[in-house]
Amino acid sequence: MSFKKKDNQHYYNPMRRAILNHQMIEPGDKVAVGMSGGKDSTSLFYLLDQIRCQGRLGFDFELIPICLDMGFEGCDISPLKEFVAKLGYQLEIVPTNIAKVVFDIRQERSPCSLCAKLRRGILYNRAKELGCQKVALGHHLDDAIETYFMNFLFHGRLNSFEPKSYLTKTGVTLIRPLIYIEEKQIIRFVKREELPVIFNPCPVDKQTKREEMKQLVTTLAEDYHDIREKFIMGMEQGTEQDFWTKSMDESLLS
């Protein structure tokens, strides 16, 4: 694997802006990065590494890549291990039985909520064990918009998840540095940089309410081309308003 050192200002600048606007990362922070093997978390880790190496925040911080082994058969995470090794890191792999609990033991009809809750709990606890103050997740701008509509349509709330939130139960802070970057930009970035994307063996992948919201946002954007820019404006103005949900239902991330 060889990374293409091209100009990535369209990615560095909005990520740096998000980090500084919301004080996501501070000098000396040890940041765990949750890596699923998907395009979002892989891009997140690569961009955070480059921002750190190039000193774009004006201070140093540490990155710890963490991957949960969900227990699905046929899931090969070796490309992810090679990817982080190429950047000079060692992937922290946490074995779990989440797939068995969700699909075999509990046989959940709507498995995404329980799966998300289990994943987050294990990830946050492992991050704390490793001495991390922050946990970075790969949620991007489209995720935030989709969550806004999911909250509205299914729960009657006009808010989305926070760019940064302190988790009182675990004592770590959750951050989302990709919050100003569109999904289509990430898709182009992964293709251009030839970043590894691992096949998701989950039996309900692409069959969730999240996919319905994704289509809704795509349809709206055809008529309202600046919907994403307007949403960023809402985020910028929403820090002192009731824009962010304080206790988000984990199922909304599914």
Minimum heavy-atom separation for [X] and [Y], please, with both atom names.
| X | Y | answer |
| --- | --- | --- |
| Phe189 | Ser43 | CD2-OG, 3.8 Å |
| Ser160 | Tyr148 | OG-N, 4.0 Å |
| Gln185 | His10 | NE2-O, 4.0 Å |

- How long is the span from the CG atom in Leu114 to the CD1 atom in Ile98, to the nearest 0.5 Å? 8.5 Å
- Item | Interatomic distance, Lys164 atom NZ to Leu174 atom CG [nearest 0.5 angstrom] |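 It comes to 11.0 Å.
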- Hey, is the main chain of Ser36 close enough, under 3.5 Å, to the side chain of Ser41 for a donor-acceptor pair?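 Indeed, once roles are kept as given, a pair shorter than 3.5 Å links the two residues.
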- Message: Could you check whether any side-chain N or O of Asp76 sits under 3.5 Å from a backbone N or O of Ser78, counting only pairs where one atom can act as donor and the other as acceptor?
- Response: yes
Are any of the side-chain nitrogens in [X] or [Y] under 4.0 Å away from the carboxylate oxygens of its partner?
| X | Y | result |
| --- | --- | --- |
| Glu182 | Lys184 | yes |
| Glu26 | Lys134 | yes |
| Glu129 | Arg126 | yes |
| Lys214 | Glu183 | yes |

- Do Phe154 and Phe149 have ring centroids that are under 6.0 Å from one another? no
- Glu162 and Arg176: CA distance, side-chain angles, deciding distance, salt bridge (charged side-chain N to carboxylate O under 4.0 Å, His left out) verdict: CA-CA 8 Å; Glu162 298 177 86; Arg176 297 177 169 95; over 6 Å; no
- Message: Is it true that Thr147 and Arg210 share a donor-acceptor pair across their side chains at a distance under 3.5 Å?
- Response: yes
- Task: Examine Arg157 relative to Phe152 and say whether NZ or CZ is less than 6.0 Å from the centre of the six-membered ring and inside a 45° cone about the ring axis.
- Result: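 Arg157 over Phe152 ring: no.
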- Query: Are any non-hydrogen side-chain atoms of Leu118 and Val101 less than 4.5 angstrom apart?
  - Reply: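 Side chain of Leu118 against side chain of Val101, heavy atoms only: contact under 4.5 Å found.
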- Task: Can you label the angle between the Tyr89 ring and the Phe45 ring as parallel, tilted or perpendicular, going by 30° and 60°?
- Result: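 Answer is perpendicular, since the angle exceeds 60°.
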